[in-house]
Peer 1: 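Quick one: the structure is below, and I'll ask about it shortly.
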Amino acid sequence: LLCFGNEEWISAAPASLEFRLQYWKSTLALLVDHPLMGAGPGGFQSMYLQYRLPVANETIADPHNFIFETLAAGGVIAGLLLALLVAACVRSGRNSNLVAVLEESAIADRDRHSMAAWIGYGAGISLSLIWLFESFSGRLPDFDAAIFAVPIAVAAGWFLHSEFTHAGPAGTNQSDVQLICSAILLAVLTHLMFSGGWTVPGVAIIVWLVVGSLCSTERVRSNQTDQSSTAIHQSEGRLRRPANRAALVAFVIGAALVFCLRVESIVPVQEAQIALSSAEDAARGGSPVKADLESLRATQADRWSFEAPRWRSEYLKARLVSGGEDLKVRQSWAEALATAIDRAGVNPLLWRASGEQFLHLYQRYGKDDDLHQADRLISLALDRNPTDVSLTAQAALIAIELSDGGKADILAAEATRLSKLGSNIVRDLGIQQVYVVENRGEAAEDRPIQQSIKDQFHRRLRRDHEPVEPTQR
């Protein structure tokens, strides 16, 4: 890395580490308030904004550390499970020193050949299942990825086959396998100590495969006689039959779960994506009726996602501001926006985006109800995201329009204070843009009108200087 890495990587390392320390401090504060279950699976991003440090700027989906990510997704319960997993790996590593995996006896040779063959079988079956699942879900297999992955897998398989089938007393043994798996796990977890991806399937499957290899047990001992080996195989034959039945039951249950996944998740998501793409094409092509119908179909196809109703609300809002006030279109827009908000749950980013839709309508038509709805949604978002400079300033400008001067002064001062933290130019009030909270009529017909916070504070607060900081908010 020092010899061939990009110089920008090295120069940016201190700042990158500082950002991660900010993420981890915020995650700890979240865990103090929610120790049992954390933010819940998939809930970190929206809850993180509430605990984000005032000097931090980024909105992140995970804390960039697999330990904190586990705790944030499942609290103490998930943390205990992770600790048990670590203990199992350590215990298995200690026990592996007492058992030999490979030896020069006939049974050991057969085990080596069998293991090498099953590595190839497993790789081929896994690739076939991946392609089959993609086809089953209505997608074409990713042949581009296979161009790289398959040759690498074949090379790795050949290497392992050679090692397993030609290893002698000094060849591959349990310790070697444990050492290789430990090195892989250490490398992956070192990376995951400072980056996200612990819960991404493509990363998690590597971790689980390696952990499974570390925690595996071996039945063959180096000092077994031929007679004891025969007895072991007879015992294994009796145990294999119920194991096969259990495997069959597991396969049937897995197939049923895959079918349910297709019916309840894959098919609805695909139908929604297809309908939404058709709606976008219709909108670009100037076909409002088709865009309306297709966006409605996308909303109804996937009953859990808020993306389709959010897009539909944005599209209908654009029609409202450009085509004139239409009660039918406004009603459809309000329904789509309400659906998106309901499906998104606690989502300050969507609350803000929804409030900005009301602000755009207020710019166009100047209705008090739109302004009050914008105030409600922006306030909700601010409660869950109190360190956002532009969001705080937006709330201040809304308060000015509502003739609440005291609240406006406090919020404006807070926005000014936040902008000065961290010496970050991105937070400068002259750069940050927010919606103008005024009725501009036809000037807002094409797009929402935005200006810098500094200019709007100067004009709306009637001051030549920035607001003073309050003693408390």
Peer 1: Between Asp33 and Tyr51, do the side chains contain an N or O donor and an N or O acceptor separated by less than 3.5 Å?
Peer 2: yes

Peer 1: Nearest 0.5 Å, please: how far is CD1 in Ile453 from CZ in Arg427?
Peer 2: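 Rounded to the nearest 0.5 Å, the CZ-CD1 separation comes out at 10.5 Å.
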
Peer 1: Judged by atom type as modelled, is there a donor-acceptor pair below 3.5 Å linking the side chain of His360 to the main-chain atoms of Ala444?
Peer 2: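 Checking the backbone N and O of Ala444 against the side chain of His360, a donor-acceptor pair under 3.5 Å is found.
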
Peer 1: Starting from the C-alpha separation in whole Å, work towards a yes-or-no answer on side-chain hydrogen bond (donor to acceptor under 3.5 Å, both in side chains) for Asp455 and Ser452.
Peer 2: CA-CA 5 Å; Asp455 290 342; Ser452 72; 3.0 Å; yes

Peer 1: Please determine whether the number of non-hydrogen atoms from other residues, nucleotides or ligands lying under 6.0 Å from atom CZ of Arg440 exceeds 12.
Peer 2: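 Counting neighbours around CZ of Arg440, more than 12 heavy atoms of other residues, nucleotides or ligands fall under 6.0 Å, so yes.
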
Peer 1: Give, for atom CG of Asp302 and atom CD of Glu264, the distance between the pair rounded to the nearest 0.5 Å.
Peer 2: 10.5 Å

Peer 1: Any side-chain donor paired with an acceptor under 3.5 Å for Tyr362 and Glu438?
Peer 2: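 No, because no side-chain N or O of Tyr362 sits under 3.5 Å from a partner of the opposite role on Glu438.
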
Peer 1: Run the numbers on Asn347 and Ile341 for side-chain contact (heavy atoms from CB on, under 4.5 Å), then give the verdict.
Peer 2: CA-CA 8 Å; Asn347 190 328; Ile341 294 173; over 6 Å; no

Peer 1: Could you pull out the closest heavy-atom pair between Gln22 and Val55, with the gap in Å?
Peer 2: NE2-CG2, 3.7 Å

Peer 1: Taking the side chain as C-beta and beyond, is there a heavy-atom pair between Leu377 and Glu356 under 4.5 Å?
Peer 2: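 A side-chain contact is absent here, since even the closest heavy-atom pair is not under 4.5 Å.
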
Peer 1: Whether the Arg384 and Gln50 side chains hold a donor-acceptor pair (N or O, under 3.5 Å, no angle test) is what I'd like checked.
Peer 2: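 Checked: Arg384/Gln50 side chains pair up, N/O donor to acceptor below 3.5 Å.
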
Peer 1: Does the side chain of Glu294 come within less than 4.5 Å of Val289's, by heavy atoms?
Peer 2: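 Val289 vs Glu294: side chains apart.
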
Peer 1: Decide yes or no for Leu349 and Leu49: does some side-chain heavy atom of the first lie under 4.5 Å from some side-chain heavy atom of the second?
Peer 2: yes

Peer 1: Under a 3.5 Å distance rule, please check whether Glu271 uses its side chain to pair with a backbone N or O of Ala298 as donor and acceptor.
Peer 2: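 No.
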
Peer 1: Has the side chain of Trp24 got a donor or acceptor atom that lies under 3.5 Å from a matching backbone atom of Pro63?
Peer 2: yes

Peer 1: Using a 3.5 Å distance criterion without hydrogens, assess whether the side chain of Arg364 forms a donor-acceptor pair with backbone atoms of Glu445.
Peer 2: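 Such a contact is absent between Arg364 side chain and Glu445 backbone.
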
Peer 1: Return yes if some donor-acceptor pair links the side-chain N/O of His64 with the main-chain N/O of Asp62 below 3.5 Å, else return no.
Peer 2: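 Pair found, side chain donor or acceptor close to backbone of Asp62.
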
Peer 1: Counting heavy atoms not belonging to Leu327, are there more than 12 under 6.0 Å from its CG?
Peer 2: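 Not more than 12 within 6.0 Å, no.
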
Peer 1: Give me the atom names and distance for the closest heavy-atom approach of Phe306 to Arg343.
Peer 2: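 Scanning both residues, the minimum pair turns out to be CB-CB, 4.0 Å.
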
Peer 1: Please give me the minimum heavy-atom distance between Leu461 and Ala412, naming the atom from each residue.
Peer 2: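 Between these two residues, the closest heavy atoms are CD1-CB, 3.8 Å.
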
Peer 1: What distance do Lys328 atom NZ and Asp292 atom CG have between them, rounded to the nearest 0.5 Å?
Peer 2: 8.0 Å

Peer 1: CD of Gln363 to OH of Tyr435: how many Å apart, nearest 0.5 Å?
Peer 2: 7.5 Å

Peer 1: Between Thr27 and Ala72, what is the shortest heavy-atom contact and its length?
Peer 2: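 Nearest heavy atoms, Thr27 then Ala72: CG2-CB, 4.2 Å.
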
Peer 1: Restricting to non-hydrogen atoms, name the atom on Ile400 and the atom on Arg460 that form the minimum distance, rounded to 0.1 Å.
Peer 2: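 So the minimum-distance heavy-atom pair works out to CG2-NH2, 3.5 Å.
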
Peer 1: I'd like to know whether Gln432 forms a side-chain contact (heavy atoms from CB on, under 4.5 Å) with Asp428, so could you lay out the CA-CA distance, the side-chain angles of the two residues, the decisive distance to 0.1 Å, and finally the verdict.
Peer 2: CA-CA 6 Å; Gln432 294 272 345; Asp428 188 85; over 6 Å; no

Peer 1: I'd like to know if the side chain of Arg52 pairs up with that of Asn385 as donor and acceptor (distance under 3.5 Å, no hydrogens or angles considered).
Peer 2: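 Yes - a donor-acceptor pair under 3.5 Å links their side chains.
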
Peer 1: Measuring only between side-chain heavy atoms, which start at C-beta, is Ser195 closer than 4.5 Å to Leu192?
Peer 2: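 Yes, their side chains come closer than 4.5 Å.
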
Peer 1: Report yes if some heavy atom in the side chain of Leu382 is under 4.5 Å from a heavy atom in the side chain of Leu411; otherwise report no.
Peer 2: yes

Peer 1: Would you check if the side chain of Thr70 reaches a backbone N or O of Ala78 as a donor-acceptor pair within less than 3.5 Å?
Peer 2: no

Peer 1: Indicate the atoms forming the closest heavy-atom contact of Ser295 with Trp311, along with that distance.
Peer 2: CB-CZ3, 3.6 Å

Peer 1: Quick one: list whatever passes side chain to side chain donor-acceptor pair (under 3.5 Å) with Gln373, sequence neighbours left out.
Peer 2: Arg376

Peer 1: For Glu325 and Lys367, what are the C-alpha separation, side-chain angles and deciding distance, and is it a salt bridge (charged side-chain N to carboxylate O under 4.0 Å, His left out)?
Peer 2: CA-CA 11 Å; Glu325 184 71 271; Lys367 292 186 175 182; 2.8 Å; yes

Peer 1: side-chain contact (heavy atoms from CB on, under 4.5 Å) for Phe44 and Ile60? Distances and angles first, verdict last.
Peer 2: CA-CA 8 Å; Phe44 177 81; Ile60 57 174; 3.9 Å; yes

Peer 1: Measure the CD-OG distance between Glu335 and Ser313 for me, rounded to the nearest 0.5 Å.
Peer 2: 12.0 Å

Peer 1: Output, in order, the C-alpha distance, side-chain angles, deciding distance and verdict of side-chain contact (heavy atoms from CB on, under 4.5 Å) for Ser182 and Leu186.
Peer 2: CA-CA 6 Å; Ser182 299; Leu186 179 62; over 6 Å; no

Peer 1: Of all residues at least two apart in sequence or in a different chain, which pass the side-chain contact (heavy atoms from CB on, under 4.5 Å) check with Leu402?
Peer 2: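 Only Leu371, His372, Asp375, Ile398 meet the side-chain contact (heavy atoms from CB on, under 4.5 Å) criterion with Leu402.
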
Peer 1: Does Tyr315 reach the main-chain N or O of Arg310 with its side chain, forming a donor-acceptor pair under 3.5 Å?
Peer 2: no

Peer 1: State, without any angle test, whether Ser390 and Gln433 hold a side-chain donor-acceptor pair at a distance under 3.5 Å.
Peer 2: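 Ser390 vs Gln433: no donor-acceptor pair found between side chains.
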
Peer 1: Would you please indicate if the ring centroids of Trp333 and Phe358 are separated by under 6.0 Å?
Peer 2: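 Ring-ring flag for Trp333/Phe358: true, centres closer than 6.0 Å.
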
Peer 1: Evaluate salt bridge (charged side-chain N to carboxylate O under 4.0 Å, His left out) for Arg352 paired with Asp388, printing each intermediate quantity in order.
Peer 2: CA-CA 11 Å; Arg352 177 176 185 171; Asp388 191 298; 3.4 Å; yes

Peer 1: Starting at CD of Gln394, measure out to CD of Gln456 and round the result to the nearest 0.5 Å.
Peer 2: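 So the gap between those two atoms works out to 7.5 Å.
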
